[in-house]
2 protein chains.
Amino acid sequence: MKKLWLVYVLLIGIFLIYVLNYKQQSDSADPWETAGLRGNIEDKYVMVTFQIGIDYWKSVLKGFEDAAEELNVSVEYHGSTQHNANEQMTVLEQTIAKKPAGIAISAVNSKLLTATINKAVEAGIPVVLFDSGAPDSKAYSFLGTDNYNAGTQAAHKMAELTGSKGEVAIITTPDQHNHQERTDGFRDTIRSQYPEMTLVAVKNGRGDQVASREAAEQLLAGYPQLAGIFATESNGGIGVAEAVDAAHGTGPAPQIISFDTDKGTLDLVKEGKIAATMAQGTWNMGYWSLTELFHLHRDLEADPEAYANNKPLPVPDTVDTGIDVVTQVNVDNYYAK
Amino acid sequence: MKKLWLVYVLLIGIFLIYVLNYKQQSDSADPWETAGLRGNIEDKYVMVTFQIGIDYWKSVLKGFEDAAEELNVSVEYHGSTQHNANEQMTVLEQTIAKKPAGIAISAVNSKLLTATINKAVEAGIPVVLFDSGAPDSKAYSFLGTDNYNAGTQAAHKMAELTGSKGEVAIITTPDQHNHQERTDGFRDTIRSQYPEMTLVAVKNGRGDQVASREAAEQLLAGYPQLAGIFATESNGGIGVAEAVDAAHGTGPAPQIISFDTDKGTLDLVKEGKIAATMAQGTWNMGYWSLTELFHLHRDLEADPEAYANNKPLPVPDTVDTGIDVVTQVNVDNYYAK
């Protein structure tokens with residue numbers, strides 16, 4: 001009798017385990033629920049840059065990795081060590097040879113990279129461009145800053161800092177297209193919306209701290225009443241801050257607005273030596289590049305000819321990743337994590 | 001002895017079930033794999049439009065629903081029946097009262113809707129705008145067509161259709177901002193890039209088929225050599241096609257480029273009476289609106305003050321959902337599914 005009891009207990013136990021197991025399976029098969037967006041961990045998405053070691057890309061890569069982790073896919077990061085188109089072309093060729101699930105690339109030179117980008121697309125690899133585009137290439141999307149708008153935002157902030165009056169100047173890198181756009185946005189906004197402000201000079205800081213410092217020294221000497229300086233890139237901003245700091249006491253210090261969020265610039269914002277810096281949506285560039293590539297890959301895996309037949313693309317044409325104004329109030333949110 | 005055998009078999013059976021169950025659990029806990037992006041089916045995302053019944057929104061809603069299904073969340077669709085700001089405000093107020101997980105809205109009037117949109121954001125509900133924006137509102141993102149660029153693309157297509165020479169005209173709705181932008185993009189491109197083309201007239205078709213037909217008839221009478229007409233909206237395009245069709249045989253027929261992809265327009269493209277129509281990325285508007293709201297909701301659920309402290313947003317500022325040129329070759333891909 002004892003043994004028979006044991007058999008009953010065991011039978012009931014097995015029955016319960018069976019029921020629990022069945023319930024678990026039917027839960028996940030609920031027709032109202034879906035499994036979510038989930039890729040294959042074997043699928044490798046590659047981010048390609050130039051000057052691979054600079055701080056600027058860190059937050060882009062973080063966004064790229066965050067999206068990959070959420071979507072259960074893998075990433076690799078490659079790039080040229082120098083600001084060199086031939087070197088980046090070689091890196092891109094090597095990447096294409098590995099047939100990844102997708103490539104997000106910031107083109108060091110839009111014209112020279114176009115043919116290799118097209119080669120990737122023609123090989124059936126989804127490609128999107130971020131930060132620095134190649135408008136004539138066959139890449140499916142561009143994600144980056146609207147630089148004219150960034151200049152406009154900087155002008156509004158400068159007006160706020162100076163009480164919308166006085167002389168202002170720009171230190172920029174005139175031969176770089178994105179810096180020209182920032183300059184144009186700033187200039188047009190001051191001219192059209194702030195009648196009591198005057199843009200008195202646009203100087204070449206050559207993207208260099210020392211050259212920008214010298215340019216700022218000339219400005220301070222030539223315009224002793226200068227109310228503000230807009231530096232369109234971060235080396236320049238640091239040089240301008242040095243010049244203004246050194247001239248301290250000889251007159252009212254002009255307000256400085258700089259660009260980007262490297263540690264040196266953020267530290268100067270924290271100290272109050274740079275009034276504001278324009279932060280690009282770098283995390284967004286990486287996050288949404290990976291997300292777009294994930295969708296393109298899925299479509300092309302289902303139908304490799306999907307886009308050859310002029311079908312509508314499942315991703316946007318252009319994504320303006322936005323610009324934030326960073327001041328002492330919110331600077332702590334912008335240090336690299 | 002027989003009973004003892006039974007006990008052994010049962011014990012082994014239970015052990016096997018235990019092992020299988022354990023294996024299943026450890027599979028999903030593999031540190032290299034993640035569960036994917038998956039929301040809560042209880043979370044409701046609402047899409048709000050105006051003139052809720054028109055064809056134009058169908059593909060936007062399809063994109064919104066496709067993304068919701070993939071991410072395992074729910075959607076609702078509401079809107080004003082008329083082109084009426086007060087009615088849309090009421091619909092938006094009712095939507096806010098239900099505290100949804102997110103709202104994507106196309107504002108019938110950017111100024112009149114701003115306060116109610118801000119009310120939603122202040123209540124902690126993520127809001128994005130699509131198709132028709134409200135730039136001064138606190139909404140987190142705008143997703144829509146770059147209408148100036150659409151006009152530019154239309155001009156390039158017109159040049160291709162006319163051999164880059166001859167007289168062209170526009171029929172538009174001058175008091176609507178997006179139509180003005182399409183007109184400007186077309187005009188600027190013809191003037192700056194096609195020296196042998198002349199824009200001879202810009203007529204008001206009032207967004208109406210009959211008025212546009214009459215305007216086209218005047219154009220055909222006044223410019224018998226007219227090489228092309230660009231209609232910046234679809235009712236106008238159909239009216240222009242009727243006028244050109246009726247005048248058939250009295251001279252060389254001008255090439256017609258229209259806008260949008262309602263069935264009437266696509267049928268005329270298929271018949272060859274409209275040479276091309278400019279397709280907006282409507283599915284993209286819906287798909288990426290839901291996707292952005294999903295991310296905003298997740299952040300705000302984790303930390304309701306996330307964006308109050310000037311943190312960088314996890315979504316882009318502006319998404320240009322793109323423009324496609326639809327001709328006889330690819331028209332079949334653009335009928336509503």
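Chain identifiers are assigned alphabetically (A, B, ...) following the order of the sequence lines, protein sequences preceding nucleic acid strands; residue numbering begins at 1 within each chain.
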Is B:Leu313 close to chain A through its backbone or its side chain, or both, or neither, when contacts mean heavy atoms under 4.5 Å?
backbone
Chain B: which of A:Val329, A:Thr321, A:Asp332, A:Val326 shares the most heavy-atom pairs with it under 4.5 Å?
A:Thr321
Per the side-chain contact (heavy atoms from CB on, under 4.5 Å) rule, which among A:Thr145, A:Asp146, A:Asp320 passes with B:Asp317?
A:Asp320
Reported CZ-to-CG distance for the pair A:Phe294 and B:Leu37, which is rounded to 0.5 angstrom:
8.0 Å
When you look at CD of B:Glu69, are more than 12 heavy atoms from neighbouring residues, nucleotides or ligands closer to it than 6.0 Å?
no
Side-chain touch B:Asn333/A:Pro312, heavy atoms, less than 4.5 angstrom
yes
Under 3.5 Å: donor-acceptor pair, side chain of B:Asn284, backbone of A:Val315
yes
Contact part of B:Ala35 toward chain A, heavy-atom cut-off under 4.5 Å: side chain, backbone, both or neither?
backbone
Please check: side-chain N/O of B:Trp288 versus main-chain N/O of A:Pro314, any donor-acceptor pairing under 3.5 Å?
yes
Pick from B:Asn330, B:Leu71, B:Thr318: which one has the most heavy-atom pairs with chain A under 4.5 Å?
B:Thr318
So A:Lys311 and B:Tyr334, do their side chains get closer than 4.5 Å, heavy atoms only?
no
Would you say the side-chain atoms of B:Arg38 pair up with the backbone N or O of A:Thr34, donor to acceptor, closer than 3.5 Å?
yes
